[in-house]
2 protein chains.
Amino acid sequence: MDMRFDMAQNAAFPTPARICGSQCCNACVVRDRAICADLTEGDRGALSRLGRRVTLQAGQTVMWEGDDSMVVANVIEGTLKLATSTGDGREQIVGVVYASDFIGRPFGARTPHSVTALTDARLCLFPRGCFDGFAMRHGELQHRLLQRTLDDLDRTRAWMLLLGRKSAREKVATFLLDMSRRLKADGDGVIALPLSRQQIADVLGITIETVSRQMTEMKRDGIIDLVGRRGVRLINIAALETLSETV
Amino acid sequence: MDMRFDMAQNAAFPTPARICGSQCCNACVVRDRAICADLTEGDRGALSRLGRRVTLQAGQTVMWEGDDSMVVANVIEGTLKLATSTGDGREQIVGVVYASDFIGRPFGARTPHSVTALTDARLCLFPRGCFDGFAMRHGELQHRLLQRTLDDLDRTRAWMLLLGRKSAREKVATFLLDMSRRLKADGDGVIALPLSRQQIADVLGITIETVSRQMTEMKRDGIIDLVGRRGVRLINIAALETLSETV
DNA sequence: CGCCGATTTGATATACATCAACCGCAGTGG
DNA sequence: CCACTGCGGTTGATGTATATCAAATCGGCG
């Protein structure tokens, strides 16, 4: 695993103040977006004591497909991918997760996909057994987790339409729009993609060459602009929406 | 909507005894597999009173993609499909649900996909608002729903690998194995598929012709046998597993 | 400035889609 | 009872989007 990342992915969270050490939720940047948001301060502290903060480097894998489900985590900072693959090495990225998202498989024996950091990342990691137990005693937490899982399922099913029925052009257009909704553009309207071309291909179920060709073609057509390896500026969003085609 | 079904899909549930009328859970065939399984008898009765039993004919649609989420339901009997489509009519089936499964979008404003009966079916239908309220007061129910949603998500993500990275041959092999796991074969080892060729194509993200060709080819190779329009016998399961390719 | 992996570009192959008959079974009606 | 009809399914001929293979180019880093 030797990925290199040329852009400052984590600029949004410039080393958050660790006022009360790494164990404290009060200073947590995702506190009110993560699943622990609805817990009382006391309960949140109790949950916090079950887990620990860990740092990941880009390219590191936290969980492997098919492994026993040993841990779950909140993403505090960074971007990670969820992936499955066939026996002969073809990979499909089944999800991309961002700060405040939840990862891992609670209430289940196996992790059904690998989880790998795309950028440097920080997690709030819990042993699964402890987390499950805590969740069973805290309805608010389970409710939040349910909400999030239902949303994930909706988004995943929408992506099935893309994988099964859209052309390469439509796939790339949909991908770019999706990214523009999740990521903030800089002053010049340039979005820094957290994914390499190969990873984009693995998200869309096409090859790297096809991704590249579609993007340069869109650039030729004046719909987008490519800046450096990881940057895109969406020039004609309406055109992208027409291309992405889902009503 | 004029689908016709030549095989007795529902033979497994020969007009269940309605001992205490259609409103009673005690005689419910899915009582201990559905999400209400962990409720006390009293709570189950209370939930039951919020909803009503409805009968669907094959081809009828209960919910439409993008509509306000008004109802949710347990499937008592029958098979239904969940589908989304592009503006120009390409369809992707994002899920197939069976007896004891749960359908609809609780805790959310919109139904993200249509739900249509593939066979005649019976549902235990709840207004969403009432259901949500009841669920909020009953942790066991939410826990069951969470479990089920997590399982759905796992299965859906596994299907993404199929849609994005598998060949037509692999797709059909995977589909047949999946069916053989969910459906019981009759005495001769023949499985009655609940889906037409077009619907199989819409599940796998390929065309009807490709489905047909792959199946007749597998038949030529002695891997499966086709009996009538809806019947398949899996002769060489090992070969199918090799073909389906996921490790 | 030069190097190395990431990306783009080009040439070619191919799996699958598309278009078009055709077949066969299940109703239907004479 | 049998021809007729309609629809789901199969089969064939052909087209094309995308994969594959190969090489050139770029961009960031030492």
Side-chain angles (χ1 to χ4, degrees), chain A residues 1-9 58-59 86 88-92 118 162-173 175 190 192-220 224-232 243 245, chain B residues 1-8 58-59 86 88-92 118 162-173 192-202 204-220 224-232 243 245:
Chain A
M1 289 288 127
D2 50 23
M3 304 188 177
R4 213 150 297 157
F5 293 88
D6 37 20
M7 300 207 142
Q9 292 305 322
T86 60
D88 62 344
R90 286 167 282 171
E91 175 167 304
Q92 177 66 47
L118 295 174
L162 173 141
L163 289 174
R165 291 301 185 200
K166 289 189 182 180
S167 69
R169 172 63 65 105
E170 291 166 343
K171 285 179 175 181
V172 172
F175 170 80
V190 175
L193 300 174
L195 303 168
S196 71
R197 291 287 187 274
Q198 181 58 61
Q199 288 161 349
I200 295 173
D202 289 339
V203 167
L204 299 178
I206 52 184
T207 60
I208 182 174
E209 293 95 330
T210 301
V211 174
S212 178
R213 277 188 250 268
Q214 294 301 335
M215 287 184 121
T216 48
E217 229 172 280
M218 285 179 181
K219 180 179 178 174
R220 253 200 295 283
I224 63 172
D225 198 15
L226 298 172
V227 1
R229 294 195 165 168
R230 294 301 186 99
V232 221
L243 275 177
E245 177 66 16
Chain B
M1 290 289 124
D2 49 22
M3 303 188 178
R4 213 149 299 157
F5 293 87
D6 38 19
M7 298 210 144
T86 60
D88 61 344
R90 285 168 282 171
E91 174 167 305
Q92 176 66 47
L118 295 173
L162 173 140
L163 290 174
R165 291 301 185 200
K166 290 189 182 180
S167 69
R169 172 62 66 105
E170 291 166 344
K171 285 178 176 181
V172 172
L193 299 174
L195 302 168
S196 71
R197 292 286 187 274
Q198 180 60 61
Q199 287 160 351
I200 296 172
D202 289 338
L204 300 179
I206 53 184
T207 60
I208 182 174
E209 293 95 330
T210 301
V211 173
S212 179
R213 276 188 251 269
Q214 293 300 335
M215 287 184 120
T216 48
E217 229 172 279
M218 285 180 181
K219 180 179 178 173
R220 253 201 294 283
I224 63 172
D225 199 15
L226 298 172
V227 1
R229 295 193 164 169
R230 295 299 187 102
V232 223
L243 275 177
E245 178 64 18

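Remember, it's a predicted structure, so these values are computed and weren't measured experimentally. So you know, we letter chains A, B, ... as the sequences are listed, proteins then strands, and number each from 1. Values below: every heavy atom of this structure, side chains too, minus hydrogens, waters and symmetry copies.
Ranking dA11(C), dT18(C), dT8(C) by closeness to the E209(B) side chain, first place goes to dT18(C). Each of dA17(C), dT8(C), dT11(D) was ranked by its minimum atom distance to the side chain of I206(B); first place goes to dA17(C). Set against dC16(C), dA13(D), dT7(C), the side chain of R213(B) has dA13(D) as its closest nucleotide. Here dT18(D) is the nucleotide among dC16(C), dT18(D), dT7(C) with the atom lying nearest to any side-chain atom of A168(A).
The nearest whole Å value for the distance from the CG atom in L226(B) to the P atom in dG8(D) is 18 Å. The nearest whole Å value for the distance from the CZ atom in R197(A) to the P atom in dG27(D) is 11 Å. Residue Q214(B) contributes atom CD, which lies 7 Å from atom P of dC16(C) at whole-angstrom precision. Q198(A) places its CD atom 11 Å from the P atom of dA19(D), with the value rounded to the nearest Å. Distance CG (D202(A)) to P (dA6(C)): 13 Å, rounded to an integer number of Å. In this structure, the CG atom of D88(A) is 10 Å from the P atom of dT20(D), given to the nearest Å. With rounding to whole Å, R230(B) atom CZ is found 20 Å from dG24(C) atom P. Note: CD1 (I208(B)) to P (dC22(C)) measures 18 Å, nearest angstrom.
Here the side chain of R165(A) pairs no donor or acceptor atom with the backbone of Q92(B) at under 3.5 angstrom. Panel note: side chain K171(B), backbone L204(B); a donor-acceptor pair is recorded below 3.5 Å. Remark: the backbone N or O of I208(B) is not paired with any side-chain donor or acceptor of R197(B) at under 3.5 angstrom.
Using a cut-off of 4.0 Å between Lys/Arg side-chain N and Asp/Glu carboxylate O, D202(A) and R90(A) are scored as not salt-bridged. For R169(A) and E217(A), the salt-bridge test passes: some basic side-chain N is under 4.0 Å from an acidic carboxylate O.
At least one side-chain nitrogen or oxygen of T210(B) sits closer than 4.0 Å to the OP1 or OP2 atom of dA17(C). Within the 4.0 Å cut-off from OP1 or OP2 of dC16(C), not a single side-chain nitrogen or oxygen of T207(B) is found. Close to dT9(C), at under 4.0 Å from its OP1 or OP2, lies a side-chain N or O of T216(A).
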ask   = How would DNA chain C look in dot-bracket form, 5' to 3', counting Watson-Crick and G-U wobble pairs with both distances under 3.5 Å and writing | for bases paired to another strand?
value = ||||||||||||||||||||||||||||||
